[in-house]
Asks: 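Could you have a look at this structure, given as structure tokens, before my questions?
Chain naming here is simple, since letters A, B, ... match the order of the sequence lines and numbering starts at 1 in each.
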Amino acid sequence: MGLVTTPPSRFSLPPSSPNRRKLQESKLGTCFVSQVLHFGYLLRISSDFRLFGIESFHCARLKDGNASGEDYENIDWDTEDELEIENIGPSSCSNGVARNVGTIVSNGEASSSAGISNSKLVQHFLGMGFSEEMIAKAIKENGETNTESILESLLTYGALASEESPDELNSCHLSSPQQQQFVDNGQLSSDYDESVLADLSDSDDSWSGSEIAEINSSLPEHEKAILSLANMGYTIEEASAAIDRCGPEASIAELTDFICAAQMAKTEDVFFEEEKPKISLNGNLKKRKLYELEMWKRKKRKGVQTEDDEVIRLPNPMIGFGTPTDGIVKPHRILPEAAIGPPFFYYENVALAPKGVWDTISRFLYDVEPEFVDSKYFCAAARKRGYVHNLPINNRFPLLPLPPRTINDALPLTKKWWPEWDKRTKLNCLQTVIGSAKLTDRIRKALEKWGADPPQHVQKYVMDECRKWNLVWVGKNKLAPLEPDEVEMLLGFPRNHTRGGGISRTDRYKSLGNSFQVDTVAYHLSVLKDIFPNGLNMLSLFSGIGGAEVALHRLGIPLKNVVSVEISEANRDIVRSWWEQTNQKGNLIHLADVQQLNGDRLEQFMGSFGGFDLVVGGSPCNNLAGSNRVSRDGLEGEQSSLFYDYFRILDLVKCIINKQQ
DNA sequence: TATATAATGAAACCCATG
DNA sequence: CATGGGTTTCATTATATA
């Protein structure tokens with residue numbers, strides 16, 4: 001099957017990292033951690049069960065009231081004394097978790113919590129599946145500020161409650177087919193749901209166990225199985241997938257085995273190895289699961305995405321928060337509290353990734369809304385990319401001179417040979433491979449058979465090849481792929497940036513095809529010039545040929561210390577060479593592998609020059625890009641899963657900065 | 001050995017149309 | 001609102017060639 005595994009213990013923190021230390025110093029120690037993880041596992045409704053493990057290590061900031069990021073650019077990040085900042089360590093279930101279960105709490109219960117002043121805190125725990133009474137009790141016992149001990153109390157209540165009802169525990173472990181003999185009423189599933197849904201969404205607890213059982217017994221067989229699995233703590237999506245794979249006749253035991261195997265294959269994460277549902281759910285949660293099942297069936301009928309409620313859609317036109325030439329500029333935005341720096345961060349990847357990828361990326365990067373920009377608004381070639389960053393977006397300015405924005409202006413020598421039936425004014429995305437000489441030769445021969453005006457089908461053939469391979473006219477009937485130096489120019493790099501030093505022509509195309517468009521990135525980074533007039537320290541992950549470095553340099557922002565992590569030696573040589581040729585005054589430190597970059601190394605660097613102001617990175621797109629026929633496996637693909645290292649390192653930097661202050 | 005070439009589709013988007 | 005045609009896409013791999 002197509003499950004892609006990721007290297008084991010990618011998420012297990014290095015032994016000496018500050019996060020790990022924080023865990024060890026915590027009063028509750030690892031037992032508490034595993035309990036939290038277990039509970040998160042039990043309650044999640046998203047299949048993204050990595051999230052809990054990861055996000056629970058966030059150094060989240062807890063702040064009462066509105067989490068407004070407005071005017072954050074006026075905040076002096078060096079003196080954060082006015083902010084109430086608290087590292088609440090492993091018990092901080094930050095945004096990701098709360099959002100995952102948010103669909104459950106949206107129906108009422110929270111609104112009646114008038115007696116408690118901190119409604120956000122209540123919402124938070126409601127979202128984790130605790131009852132309002134329990135939350136009120138826990139807050140009363142522990143006070144509103146100590147989230148950790150509140151959660152501890154809640155977990156204790158939960159454990160006690162499940163011990164009190166051993167019968168339910170049994171009923172949730174139906175493992176033999178015989179026990180699944182319900183009355184099959186067949187077709188009524190589609191019509192009754194309106195009333196059921198209305199009842200289910202009701203917030204009171206008036207449903208008795210027998211009423212739930214009654215509804216259960218009226219469900220079709222496979223939905224009963226789904227519900228059984230859901231009540232055992234699996235997600236409805238997981239349950240449905242398991243039944244799809246194992247067949248409708250499969251026993252619950254077979255289905256749980258399948259789900260466990262799928263989970264293991266998907267994560268190989270030591271944290272979850274012993275995670276199997278053990279605790280039964282109380283009636284209230286069972287009711288919720290029934291409600292979830294109804295919602296899921298609705299979505300499935302309507303063909304709506306079942307994986308995620310809010311699917312990020314690409315904007316049209318793809319101009320992000322505005323471009324220099326469009327006149328449309330969004331003046332400001334509101335960032336989620338957890339996203340606000342320091343450090344500033346800037347993440348990039350292909351916009352046209354498989355569905356759900358950008359939702360995941362955004363969720364990990366503190367719920368920041370991605371900015372999707374097509375670089376065809378900056379230069380003569382398209383480049384549809386998504387950028388997640390916490391930079392201010394007002395008072396941006398472009399690099400000067402503005403680059404040519406049509407093929408005609410960028411490659412004036414081609415104009416003479418351009419036939420009128422080739423209507424292109426922009427090139428398509430610059431990729432890592434180019435059309436071959438043999439291909440252009442075939443096209444020339446095909447054209448030479450006709451006069452000035454080839455027939456429609458020939459024009460169609462030629463144009464298809466032109467668009468596919470980004471060919472340009474360099475002579476009569478003569479097409480050619482772009483030269484490496486033309487690609488450099490289009491992407492905003494200095495001429496010969498990738499030339500020489502033993503790099504082959506093929507590898508130049510490859511490195512360039514994987515790079516930033518400098519003008520686009522520089523436009524976004526331009527706001528840093530006023531903030532760091534004396535220069536900045538940058539951590540550059542997946543540096544490639546140094547697009548971010550070149551952008552900052554061309555903006556006139558001095559580079560003080562740059563730690564650049566890049567796996568390809570050829571690319572490191574290119575950046576090193578550029579660094580020397582441009583007479584940089586700062587220090588360039590090169591590392592090869594992001595996976596080797598741990599908290600200790602980061603602390604060393606940050607201790608020696610006082611922290612990073614900016615963390616930039618475009619993680620590998622191999623498994624996301626549409627051109628990949630072989631291994632377009634999504635964010636869990638072999639290379640693209642390095643995104644999680646970007647997040648890991650960024651979060652480490654965040655933690656270390658907070659610790660230093 | 002190093003480099004160039006050809007073969008390898010599908011997912012996701014746009015947009016006009018009924 | 002569905003649908004069907006049109007378009008785009010930071011690529012990988014085996015094989016041929018120099």
Asks: How far apart are the closest heavy atoms of A:V373 and A:G320, and which atoms are they?
Replies: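 Answer, listing the atom of A:V373 first, then A:G320: CG2-CA, 3.9 Å.
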Asks: If you look at every strand shown and take non-hydrogen atoms under 4.0 Å, does A:R467 touch a base, only sugar-phosphate, or nothing?
Replies: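 Sugar-phosphate only.
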Asks: Touch check for A:N514, heavy atoms < 4.0 angstrom, all strands: base, sugar-phosphate only, or nothing?
Replies: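 Base, at least one base heavy atom under 4.0 Å.
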Asks: How long is the line joining CH2 of A:W469 and P of B:dA6, in whole Å?
Replies: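 Result: 9 Å.
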Asks: I want to verify a distance call: between B:dC15, B:dC13, C:dT9, whose nearest atom is closest to the A:N428 side chain?
Replies: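 So the side chain of A:N428 is nearest to C:dT9.
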Asks: Once you apply a heavy-atom cut-off of 4.0 Å, does A:K384 come out as touching a base, just sugar-phosphate, or nothing?
Replies: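 Result for A:K384 = sugar-phosphate.
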Asks: Out of C:dT7, C:dT9, C:dC10, which nucleotide sits closest to the side chain of A:K460?
Replies: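 Per side-chain heavy atoms of A:K460, the pick is C:dT7.
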Asks: Hey, are A:E483 and A:R508 close enough for a salt bridge, meaning a charged N less than 4.0 Å from a carboxylate O?
Replies: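 Salt bridge flag = no for A:R508 with A:E483.
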Asks: Just compare B:dT3, B:dA6, C:dT13 and give me whichever is closest to any side-chain atom of A:S504.
Replies: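 The listed nucleotide nearest to A:S504's side chain is B:dT3.
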Asks: So does A:N561 get a backbone contact from the side chain of A:N537, meaning a donor-acceptor N/O pair under 3.5 Å?
Replies: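 Pair found, side chain donor or acceptor close to backbone of A:N561.
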Asks: If you check every side-chain atom of A:R383, which of B:dT5, C:dC10, C:dA11 has the closest atom?
Replies: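 Closest nucleotide among those given: C:dC10.
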Asks: When you match A:N628 and A:L439 each to their closest nucleotide on DNA chain B, which lands nearer the 5' end?
Replies: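 On the 5' side of the pair lies A:L439.
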Asks: Does A:L430 reach a base, just sugar-phosphate, or nothing at all? Heavy atoms under 4.0 Å.
Replies: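 It contacts nothing in the nucleic acid.
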Asks: Look at all strands and tell whether A:N623 reaches a base, only sugar-phosphate, or nothing, counting heavy atoms closer than 4.0 Å.
Replies: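 Since no nucleic acid heavy atom lies under 4.0 Å of A:N623, the category is nothing.
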Asks: Under a 3.5 Å cut-off for both distances, is B:dC14 Watson-Crick or wobble paired, and to whom?
Replies: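 Base-paired to C:dG5.
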Asks: Ion pair present between A:R648 and A:D645, side-chain N to carboxylate O less than 4.0 angstrom?
Replies: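 A:D645 and A:R648: salt-bridged.
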Asks: OP1 or OP2 of C:dT12 sitting under 4.0 Å from any side-chain N/O of A:N622?
Replies: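 It does, given that an N or O in the side chain of A:N622 lies less than 4.0 Å from OP1 or OP2 of C:dT12.
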Asks: What's the gap between C:dC10 and B:dA7 when it is taken at their P atoms, as a whole Å value?
Replies: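 Those two atoms are separated by 23 Å.
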Asks: Between A:S627 and A:G502, just flag the one whose closest nucleotide in DNA chain B comes earlier from the 5' side.
Replies: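 So the residue in question is A:G502.
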Asks: Would you say A:R632 places a side-chain N or O within less than 4.0 Å of OP1 or OP2 belonging to B:dA10?
Replies: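 For A:R632, the contact criterion (side-chain N or O under 4.0 Å from OP1 or OP2 of B:dA10) is not met.
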Asks: Taking pairing as Watson-Crick or G-U wobble with both contacts under 3.5 Å, can you name the mate of B:dG9, or confirm there isn't one?
Replies: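 Its partner is none (no Watson-Crick or G-U wobble pair with both distances under 3.5 Å).
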Asks: For B:dT5, take OP1 and OP2 only and decide whether either is under 4.0 Å from a side-chain N or O of A:S436.
Replies: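 No, A:S436 has no side-chain N/O under 4.0 Å of OP1/OP2 on B:dT5.
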Asks: Heavy atoms only, 4.0 Å cut-off, all strands: where does A:S619 land among base, sugar-phosphate and nothing?
Replies: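 Since a base atom lies under 4.0 Å of A:S619, the category is base.
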Asks: Regarding A:C429, tell me which of base, sugar-phosphate or nothing describes its non-hydrogen contacts under 4.0 Å with the strands shown.
Replies: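 Sugar-phosphate contact only.
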Asks: Taking only side-chain nitrogens and oxygens of A:S515, does any of them come within less than 4.0 Å of OP1 or OP2 of C:dC10?
Replies: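 So the side chain of A:S515 is outside the cut-off, no N or O lying under 4.0 Å from OP1 or OP2 of C:dC10.
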Asks: Do the rings of A:H524 and A:Y346 sit parallel, tilted or perpendicular, given the 30° and 60° boundaries?
Replies: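 Geometry flag for A:Y346 against A:H524: tilted rings.
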Asks: For the residue pair A:F647 and A:Y347, is the inter-centroid distance of their aromatic rings smaller than 6.0 Å?
Replies: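 That pair fails the under 6.0 Å test.
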Asks: Where the side chain of A:K355 is concerned, which of B:dC14, B:dT8, B:dA12 is the nearest nucleotide?
Replies: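 Among B:dC14, B:dT8, B:dA12, the one nearest the side chain of A:K355 is B:dA12.
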Asks: Measuring to OP1 and OP2 of C:dC10, would you say a side-chain N or O of A:Q431 lies under 4.0 angstrom away?
Replies: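 Indeed not, no polar side-chain atom of A:Q431 lies that close.
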Asks: How is A:R442 classified with respect to the nucleic acid when contacts are heavy atoms under 4.0 Å: base, sugar-phosphate, or nothing?
Replies: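 Sugar-phosphate contact only.
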Asks: Which listed nucleotide (B:dT3, C:dT9, C:dA11) is nearest to the side chain of A:T432?
Replies: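 Within the option list, the nearest is C:dA11.
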Asks: Given atom CG of A:D441 and atom P of B:dA6, what is their separation to the nearest angstrom?
Replies: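 Taking atom P of B:dA6 as the reference, CG of A:D441 is at 10 Å.
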